[in-house]
Every structure is written in structure tokens, then in C-alpha cells.
Amino acid sequence: MGYNRQYASQIWHTVQKVPVGKVANYGLIADLSGLPGRARLVGTIMQYAPSEMNLPWYRILKSNGQLAFSKGSPMALKQTEFLAGEGVIVTNNRVNLNQFLWQPDLGELLNMQY
DNA sequence: ACAGTGACAAGTC
DNA sequence: AGACTTGCCACTG
């Protein structure tokens, strides 16, 4: 259909790995999915994730900690709620990465499969 | 075939 | 801190 299944399974699987209460950026997800330099693809593909999959899309942010959606937009508000629900503070459409960025250790990375 | 678009990122000024 | 440029490439018309 409208998107590449191979990319989708890799990306969705990686996004599922981001732990509750932490966030990651698009570039990191791309790297860990075996798609270095393909940050844009992550956002593109995540739109197609079926809702019943409960993909934690809201844990993925831009490289500077900003939400991908513009401030005040319905999606940004929803994302802010989801994050607040698990303890991640969003102020002025941005998250403090020093505090909430997911920093996987080598063990986690070596166990990652897709 | 070709040009525009986009849930991005990093570098330069 | 912004604004602008370049790199990325799947998808769409």
C-alpha cells in the first residue's frame, strides 16, 4: 500500500523499545533501526502505525527535544498529555533531554532484533 | 520522468 | 537565538 513494510517493521519495533518515562529523537530511532541518516523516514512511517499496535509514538521528538508538531496543535496537546501521564515534563512544546533522553546501554542494543 | 513535500538533522553565518 | 543551506529519500501528483 502506501508505505514500505520492511522499513515499517524495523522502525516500529525500535520505537517499542523506548522505555516508559523516557524519550528518543528521530535520528536515534533511525540509527537503531539500521537506517542511519534516515530520520525523516521515521516520522513518515510512524503515521501508518495501526492504532491497535499502541505504538508509543509520543516518545519520539526532534533532535533538540522539541515536539515534532507545532505548539498548540491538537497533536502536540495530545502528545503532551501522554508524556505527562508517564512523568515526562513538556514545557513550551519541548522536553529537557538532559533529564528524559533514553540512553540505551550496549546490552540493550546487542539484544535488539527486528 | 520530474518536481514538490515532509512527525528530520547538522552545519554555517 | 534565528535564519538559511544542504543532505536525506519515499511518496504523491
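The sequence lines fix the lettering, A, B, ..., with proteins before strands; numbering per chain opens at 1.
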Between CG of Asp31(A) and C1' of dA9(B) the distance, given in whole Å, is 11 Å
Donor-acceptor side-chain pairing of Lys71(A) and Asn92(A) below 3.5 angstrom
yes
So if I apply the side-chain contact (heavy atoms from CB on, under 4.5 Å) rule between Val23(A) and each of Val18(A), Leu83(A), Ile60(A), which one comes out positive?
Leu83(A)
Only counting residues at least two apart or in another chain, list the ones meeting ring-ring contact (aromatic ring centres under 6.0 Å, His included) with Phe100(A).
none
Please lay out, stage by stage, how Arg59(A) and Glu86(A) fare under the test salt bridge (charged side-chain N to carboxylate O under 4.0 Å, His left out).
CA-CA 10 Å; Arg59(A) 294 184 191 137; Glu86(A) 50 188 57; 2.8 Å; yes
With rounding to whole Å, what would you report as the distance between dA7(B) and dT6(C) at their P atoms?
22 Å
Sorted by number, residues from residues 67-85 of chain A placing a heavy atom under 4.0 Å from DNA chain B are Ala68(A), Phe69(A)
With a 4.0 Å cutoff (strictly under), does any side-chain N or O of Arg38(A) reach OP1 or OP2 of dA10(C)?
yes
Within this structure, what is the CD1-to-P distance between Ile11(A) and dC9(C), rounded to whole angstrom?
13 Å
Tyr7(A) and Arg5(A): side-chain donor and acceptor closer than 3.5 Å?
no
Quick one: which of dA10(B), dT12(C), dC8(B) gets closest to the side chain of Arg40(A)?
dC8(B)
To the nearest angstrom, how far is Gln66(A) atom CD from dG2(C) atom C1'?
12 Å
Could you check how far CD of Gln47(A) sits from P of dT5(B), rounded to whole Å?
16 Å
Show the numbers, then the answer: is there a side-chain contact (heavy atoms from CB on, under 4.5 Å) between Lys78(A) and Tyr58(A)?
CA-CA 8 Å; Lys78(A) 187 184 305 182; Tyr58(A) 51 87; over 6 Å; no
Pairwise C1' distance for dG7(C) and dG6(B), with rounding to whole Å:
14 Å
Name the nucleic acid region contacted by Asn25(A), choosing base, sugar-phosphate or nothing; use a 4.0 angstrom heavy-atom cut-off, strictly under.
sugar-phosphate
Could you state the CD-P distance from Gln6(A) to dA10(C), rounded to the nearest angstrom?
13 Å
N/O (side chain, Tyr3(A)) to phosphate O (OP1/OP2, dC11(C)) under 4.0 Å:
no
Could you check how far CG of Leu41(A) sits from C1' of dT5(B), rounded to whole Å?
14 Å
I need the CD1-P distance between Ile45(A) and dC9(C), as an integer number of Å.
14 Å
From C-beta outward on Tyr7(A), which listed nucleotide comes closest to its side chain: dA10(C), dA7(B), dC8(B)?
dA10(C)
With rounding to whole Å, what would you report as the distance between dG4(B) and dT5(C) at their P atoms?
16 Å
Counting only pairs under 3.5 Å, give me each side-chain donor-acceptor contact of residues 41-50 of chain A, with atom names and distances, residues two or more places apart or in other chains.
from	atom 1	to	atom 2	distance (Å)
Thr44(A)	OG1	Arg40(A)	O	3.0

Any side-chain N or O of Thr44(A) under 4.0 Å from OP1/OP2 of dC9(C)?
no
